[in-house]
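Values reported hereafter were calculated over all heavy atoms of this structure, with side chains retained and with hydrogens, waters and symmetry mates removed.
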Amino acid sequence: MATWQCVKQCGACCNLDPAERPEIEEYLTPEELELYLSMVGEGGWCINFDHITRECRIYPHRPRFCRVEPEIFQQMYGIEAEELNDFAIECCQQQIEGVYGDRSLEMLRFDQAVGI
């Protein structure tokens with residue numbers, strides 16, 4: 001069985017382009033939406049994403065909407081804890097495909113890390 005995990009130096013989730021997330025207002029509070037939009041930088045990338053190291057500069061202090069945790073996904077998306085694993089894997093695959101492509105090194109690394 002595949003088990004979700006974050007893959008270091010991927011950063012696909014740091015591509016915050018609001019045009020790619022038309023439903024964003026449905027799951028963020030007005031305050032979170034304002035913060036989210038303030039984090040969108042050049043090319044849709046998060047201003048806290050270091051393109052050289054491919055890591056988040058604020059990872060320990062990242063906002064709620066940047067965290068993959070059962071309670072947060074329940075609140076934001078209505079995803080029950082037992083559904084989180086499959087949902088998170090699917091979300092990551094969609095995001096990685098959209099940012100890097102379905103045959104990218106990032107996708108291969110993710111699939112291998114989660115056991116697909």
*Let me see the working for Asn15 and Val99 under side chain to side chain contact (heavy atoms under 4.5 Å, CB included), right down to the final yes or no.*
CA-CA 7 Å; Asn15 189 287; Val99 173; 3.7 Å; yes
_Common cluster, Leu35/Trp45, ILVMFWY with side-chain heavy-atom separation under 4.5 Å_ = yes
*Are Phe65 and Met76 side-chain neighbours, meaning at least one heavy-atom pair lies under 4.5 Å?*
yes
*asked:* Do Ile47 and Val40 have side chains that approach each other closer than 4.5 Å (heavy atoms only, starting at C-beta)?
replied: no
*asked:* With a 6.0 Å cut-off (strictly less than), is the heavy-atom count around CD of Gln9, excluding the residue itself, greater than 12?
replied: yes
*Applying side chain to side chain contact (heavy atoms under 4.5 Å, CB included), run through Glu69 and Arg64 and close with a yes or a no.*
CA-CA 9 Å; Glu69 298 171 6; Arg64 177 180 87 113; over 6 Å; no
*Give the ring-plane orientation class for Phe49 versus His51, where under 30° counts as parallel, over 60° as perpendicular and anything between as tilted.*
perpendicular
*Taking the side chain as every heavy atom from C-beta outward, state whether Asn85 and Met1 have any atom pair closer than 4.5 Å.*
yes
_Pairs touching residues 71-90 that satisfy salt bridge (charged side-chain N to carboxylate O under 4.0 Å, His left out), sequence neighbours left out_ = none
_Tyr36 side-chain N/O to Leu16 backbone N/O, donor-acceptor pair under 3.5 Å_ = yes
*Going through the checks in order, is the side chain to side chain contact (heavy atoms under 4.5 Å, CB included) test met by Leu33 and Ile24?*
CA-CA 8 Å; Leu33 181 60; Ile24 197 166; 3.9 Å; yes
_Taking every non-hydrogen atom, the tightest pair across Leu84 and Val68_ = CD1-CG1, 4.3 Å
_For the backbone of Cys13 and the side chain of Gln95, can you confirm whether one donor and one acceptor N or O come within less than 3.5 Å of each other?_
no
_Is the shortest side-chain heavy-atom distance between Pro63 and Ile58 below 4.5 Å?_
yes
*Compare every heavy atom of Ala12 with every heavy atom of Tyr100, then report the nearest pair and how far apart it is.*
CE1-CB, 3.7 Å
*Can you name the closest pair of heavy atoms from Asp50 and Ile52 and give their distance?*
OD1-N, 2.8 Å
*Between Trp4 and Tyr59, is there a shared hydrophobic cluster once you connect ILVMFWY residues whose side-chain heavy atoms come closer than 4.5 Å?*
no
*Residue pairs fulfilling salt bridge (charged side-chain N to carboxylate O under 4.0 Å, His left out) with at least one residue in residues 13-31, sequence neighbours excluded*: none
*Indicate yes or no: at least one non-hydrogen side-chain atom of Val114 is less than 4.5 angstrom from one of Gln5.*
yes
*Within-4.5 Å side-chain heavy-atom neighbours: Ile116 and Gln93*: yes
_Any donor-acceptor N/O pair, Arg67 side chain to Ile72 backbone, under 3.5 Å_ = no
*Would you list the pairs meeting salt bridge (charged side-chain N to carboxylate O under 4.0 Å, His left out) in which at least one residue belongs to residues 94-116, sequence neighbours left out?*
Arg54-Glu106
*Does a sphere of radius 6.0 Å around CD in Gln75 hold more than 12 heavy atoms from other residues, nucleotides or ligands, not counting ones at 6.0 Å or beyond?*
yes
*Look at the aromatic rings of Phe87 and Tyr77 and report parallel, tilted or perpendicular, splitting at 30° and 60°.*
tilted
_Side chain to side chain, Ile96 and Cys10, heavy atoms closer than 4.5 Å_ = yes
*Hey, is Lys8 close enough to Glu55 for a salt bridge, meaning N to O under 4.0 Å?*
no
